[in-house]
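In what follows, chains carry the letters A, B, and so on, assigned in the order in which the sequence lines appear, proteins first and then strands, with residues in each chain numbered from 1.
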2 protein chains.
Amino acid sequence: MPWREIAYNLPCCYGPGIMSDHTPLREADNGHAADDAYRLIREQILSGQRSAGAWLREGELAESIGVSRTPVREALRRLTAEGLVRHERNRGVQVQAWSIHDLDEIFSLRAVLEPWGCRLAATTGTIDVDALDALAHRMDEVAPDGRPTDVDELTELNNRFHRMILEASDNSRLAGVVSSVIQMPLVWRTFSRYSPDALRRSLAHHHELVAALAAPDPDWAESVMRSHVRAAWHSIRLRDGGDRAPGPELPDQVSTTAGQPPL
Amino acid sequence: MPWREIAYNLPCCYGPGIMSDHTPLREADNGHAADDAYRLIREQILSGQRSAGAWLREGELAESIGVSRTPVREALRRLTAEGLVRHERNRGVQVQAWSIHDLDEIFSLRAVLEPWGCRLAATTGTIDVDALDALAHRMDEVAPDGRPTDVDELTELNNRFHRMILEASDNSRLAGVVSSVIQMPLVWRTFSRYSPDALRRSLAHHHELVAALAAPDPDWAESVMRSHVRAAWHSIRLRDGGDRAPGPELPDQVSTTAGQPPL
DNA sequence: TACCTGTGAATTGCATGCAAAGAGACACTG
DNA sequence: CAGTGTCTCTTTGCATGCAATTCACAGGTA
């Protein structure tokens, strides 16, 4: 069967012969179309360029990114699995919309999982306390007196801080579950909602966590982390008109292990 | 633009013109190639037809299922996101291999999440106790005297029992997280590893859970569920040569809420 | 007006073919 | 004999085009 098209596929990357004039994104083109698509679309969602409820058209995305629809589809399926977008058969994909109820679900889950992970990290004792301490101090610098100079960097440092603790818990699924669940608050651009007081308290918690993990005292670590998460929950809700306390379904202490004197 | 191929795509489903003689699967063909591929591949993995470490070739799967490689790729990406298979760029996809350590991770997570969910279910009080009770009794019938007559049905009933409780917790993410995490034990074909004694105890737990949720007494419900999960953990490990107790990292009681008299 | 019905445009679903990346075999070189 | 280049074969990655579905909207009927 003869095939007459000459350059059916171009030699390497950079898709179809004719390309629209607005340069395709793919800044740090690493040669993996699907990965690029995933990263770029995800960024656009988290940065708010694509707002909740907006439809993501495969064709439009493919053109703007500079790849064909195939890798875009793959990226969209991945984002669907992560819960950032919703997929309806034969209709397309739209950016997931979040409600206060979602926020409550997420924080009540965090308020169970993160303290537990923190306890585990204190128990295994395999955490690099110095690195953790460095992160905490770096955050102080980025947010002197509770006023952040760079919200993005602060968020990034905070994520690394929490991730480091969870990874020391020796339960990789725990770390995976938490990070899959806390995607949404990123959309909320968490730290920009903190009052200076709340932010100062949050940073103080970090230092206290370092101390509890250095001790190491699992009860202390778990308890500080629970305070930390619940305080964050309040800080975010308060800015949102929602002034009732975070869900009554979560008692003040969910998980207290008996006894064991401090130190 | 002339197009000479006649049946380039066949009118509806059922892929390419020439099809190998061994009938493609797609038993309950619902007309959605990607979904069919996902379901069939998943079944083959869970049933053990594709054993851990085996490579899943897109071409082979596509042919055996009776679709093209595109929907197979989509199914494989989905399974990757769920952790059932591993994907290596340009090399392919292989069935995930599990270790005792994975089992411990999963059960220690369950031992935190399911009791908490059970507490929530008892607190919201929105659970259909009668339906739950019916499931518990049905399980008695399928496993009279701790000897299952149909392991598959028993597993299915058990899954429904636990899912029903988690869905009553009013935290959809909790249900999602648990079900995404407990895929692996399915591979272990859990109930076939239970001794008659262990299975009897497990079924008794179910009835006790119904009672605790009917009361409703959140402390009781939470506590029974914790026993239930930890007992299951032991039952599975004991059959595996591993005779040490499930990870010391999880104290016997992870989450005890103070006070509140029974009833 | 309310309710079908049909037509067209936009968009996804899927099959296919080429190009590129690995894996293994084998000869060649130091 | 170990290391290295090259050749081939297998398999994935991606671009593309047709088919099918959905939606909006216009026109016909009660």
Side-chain angles (χ1 to χ4, degrees), chain A residues 1-20 24 26 29-38 40 54-80 85-94, chain B residues 1-20 24 26 29-38 40 54-80 85-94:
Chain A
M1 170 188 48
W3 202 256
R4 264 152 272 100
E5 267 68 49
I6 303 181
Y8 200 68
N9 276 8
L10 289 184
C12 181
C13 303
Y14 273 35
I18 307 100
M19 201 122 64
S20 70
R26 299 194 82 181
D29 183 352
N30 60 5
H32 301 312
D35 286 357
D36 291 350
Y38 168 75
L40 288 169
W55 287 97
L56 300 178
R57 298 290 165 211
E58 296 179 358
E60 185 240 321
L61 289 169
E63 196 182 2
S64 79
I65 295 172
V67 300
S68 81
R69 277 176 50 216
T70 306
V72 169
R73 281 174 71 85
E74 181 168 333
L76 290 177
R77 294 295 177 275
R78 215 162 133 193
L79 293 166
T80 305
V85 302
R86 256 162 34 88
H87 176 203
E88 283 179 53
R89 162 173 318 286
N90 278 322
R91 297 207 343 121
V93 161
Q94 62 182 333
Chain B
M1 166 192 47
W3 199 258
R4 260 153 274 100
E5 266 70 48
I6 302 179
Y8 197 69
N9 275 8
L10 289 185
C12 183
C13 303
Y14 274 35
I18 307 100
M19 201 121 66
S20 70
R26 300 192 81 180
D29 182 351
N30 61 4
H32 301 312
D35 286 356
D36 291 350
Y38 167 75
L40 289 169
W55 287 96
L56 300 179
R57 300 291 166 210
E58 296 178 358
E60 185 239 320
L61 289 169
E63 196 182 1
S64 80
I65 295 172
V67 299
S68 82
R69 277 176 49 217
T70 307
V72 169
R73 281 174 70 85
E74 181 168 332
L76 290 177
R77 294 295 177 277
R78 215 161 133 194
L79 293 165
T80 305
V85 302
R86 257 162 33 86
H87 176 203
E88 282 179 54
R89 162 173 317 288
N90 279 322
R91 298 212 337 124
V93 162
Q94 61 182 333

Report the distance from atom [atom1] of [X] to atom [atom2] of [N], rounded to the nearest whole Å.
X: H32(B); N: dA19(D); atom1: NE2; atom2: C1'; value: 15 Å
X: D35(B); N: dT12(C); atom1: CG; atom2: P; value: 17 Å
X: R69(B); N: dG13(D); atom1: CZ; atom2: C1'; value: 8 Å
X: L61(B); N: dA15(C); atom1: CG; atom2: P; value: 14 Å
X: E74(B); N: dG13(C); atom1: CD; atom2: P; value: 7 Å
X: W55(A); N: dA10(C); atom1: CH2; atom2: C1'; value: 13 Å

Looking at [X], does any N or O in its side chain come under 4.0 Å of the phosphate oxygens OP1/OP2 on [N]?
X: H87(A); N: dG13(C); answer: yes
X: R73(A); N: dG13(C); answer: yes
X: S68(A); N: dA15(D); answer: yes
X: R77(B); N: dG13(D); answer: yes

Spacing of H87(A) atom NE2 and R77(A) atom CZ [to the nearest 0.5 Å]: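 H87(A) atom NE2 to R77(A) atom CZ measures 4.0 Å (nearest 0.5 Å).
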Assign each of G59(A) and P71(B) to its nearest nucleotide of DNA chain C by heavy atoms, then name whichever residue's nucleotide is nearer the 5' end.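 So the residue in question is G59(A).
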With a 4.5 Å limit on heavy-atom distance, are the side chains of L76(B) and L61(B) in contact?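 The answer is yes, as the side chains (C-beta and beyond) meet within the 4.5 Å cut-off.
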Can you name the salt bridge (Lys or Arg N to Asp or Glu O under 4.0 Å) partners of R73(A), sequence neighbours left out?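 R73(A): salt bridge (Lys or Arg N to Asp or Glu O under 4.0 Å) contacts with E58(A), E74(B).
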Give the minimum heavy-atom separation between P71(B) and A37(B), together with the two atoms involved.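 Smallest heavy-atom distance, with atoms named: O-CB, 4.1 Å.
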Between S68(A) and V72(A), which heavy-atom pair has the shortest distance, and what is it?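 Shortest heavy-atom separation between S68(A) and V72(A) comes out as O-CG2, 3.6 Å.
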With sequence neighbours left out, what residues match E60(A) under side chain to side chain donor-acceptor pair (under 3.5 Å)?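 Applying side chain to side chain donor-acceptor pair (under 3.5 Å) to E60(A) gives R50(A).
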Got a sec, which residues hit side chain to side chain donor-acceptor pair (under 3.5 Å) with R89(B), two or more places apart in sequence or on another chain?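 If we apply the side chain to side chain donor-acceptor pair (under 3.5 Å) test to R89(B), skipping adjacent residues, the hits are H32(A), D35(A).
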Any protein N or O atoms within reach of nucleotides 6-11 of chain D? Criterion: under 3.5 Å, listing atom names and distances.
{"unit_1": "dT11(D)", "atom_1": "O3'", "unit_2": "R57(B)", "atom_2": "NH1", "d": "3.2"}

Residue mapping more 5' on DNA chain D - nearest nucleotide basis, R89(A) or T70(A):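 Mapping each residue to its closest nucleotide by heavy atoms, the 5'-most match is T70(A).
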